[in-house]
Amino acid sequence: MTTKQELRQLIRRQKKLHAGDDSAITINKLKKHPNLSCARIILLYCALPDEVQTQRLMDELVRQGKTVLLPKVINNTDMELRRYTSTKDLSLGAYGIMEPTGEHFTDYASIDVAVIPGMAFDNKGHRLGRGKGYYDRFLSQLTSKTYKIGLCFPWQQVDCVPTDANDIAMDDVIC
């Protein structure tokens, strides 16, 4: 059985081979997802260079009148949500990630869809993060009503992601 650390190392090697992969195909699949199209409040993420790029989607959803939320790291263990309305709401934050500066959002029960990045996903919705646990701690605060979608490139989908008791599975994975 592969450990989480071994799987992270494998994915990092794969990223070098796939640098510059186009996010458009994956984003188009996400845009066609019925849960996203009917959602009013959506949690997204500002992508790192090696993740599926979400900036255009964020702007498109705002133009459609949807509420877009983005995570902001607030300390060594936690993140909070902020509302996104445009690129003016972003500044460079923790780990070199663009983070929101907009209005603080705390009504987690109203989030319809959470789109979550990961280093790897399996077909059971298990997610391998970068190892700090930010998303798992945060996702544990959402209600079962929030539909969780993992977003990745096809080469990030693996047969099995090792899991711990605190890992939160996705309802769906799009790659």
Roughly how far apart are [X] [atom1] and [Y] [atom2], rounded to 0.5 Å?
X   : Y    : atom1 : atom2 : answer
I42 : T67  : CD1   : OG1   : 8.5 Å
I74 : Y134 : CD1   : OH    : 9.0 Å
N28 : T26  : CG    : OG1   : 9.0 Å

With a 6.0 Å cut-off (strictly less than), is the heavy-atom count around [atom1] of [X], excluding the residue itself, greater than 12?
X    : atom1 : result
D159 : CG    : no
D164 : CG    : yes
R137 : CZ    : yes

Legend entry - Single hit among L43, V173, L44, I168 for side-chain contact (heavy atoms from CB on, under 4.5 Å) with I116: L43
Inset, instruction - State which residue, out of V62, D59, T54, fulfils the side-chain contact (heavy atoms from CB on, under 4.5 Å) condition with V68. - result: V62
Inset, instruction - Write out all pairs satisfying salt bridge (charged side-chain N to carboxylate O under 4.0 Å, His left out) with one or both partners inside residues 102-126, taking only residues at least two apart or from two chains. - result: D112-K145
Inset, instruction - Hey, could you give me each pair passing salt bridge (charged side-chain N to carboxylate O under 4.0 Å, His left out) that has a residue in residues 29-39? Not counting sequence neighbours. - result: K31-E60
Legend entry - Donor-acceptor contact below 3.5 Å, side chain Q14 vs main chain Q156: no
Inset, instruction - Report yes or no: does R130 contribute a side-chain atom to a donor-acceptor pair with the main-chain N or O of R8 at less than 3.5 Å? - result: no
Closer than 4.0 angstrom, basic N to acidic O: yes or no for [X] and [Y]?
X   : Y   : result
R12 : D50 : no
D78 : K72 : no
E80 : R82 : yes

Legend entry - side chain to side chain contact (heavy atoms under 4.5 Å, CB included) between Y45 and L151, worked out: CA-CA 10 Å; Y45 63 92; L151 194 62; 3.5 Å; yes
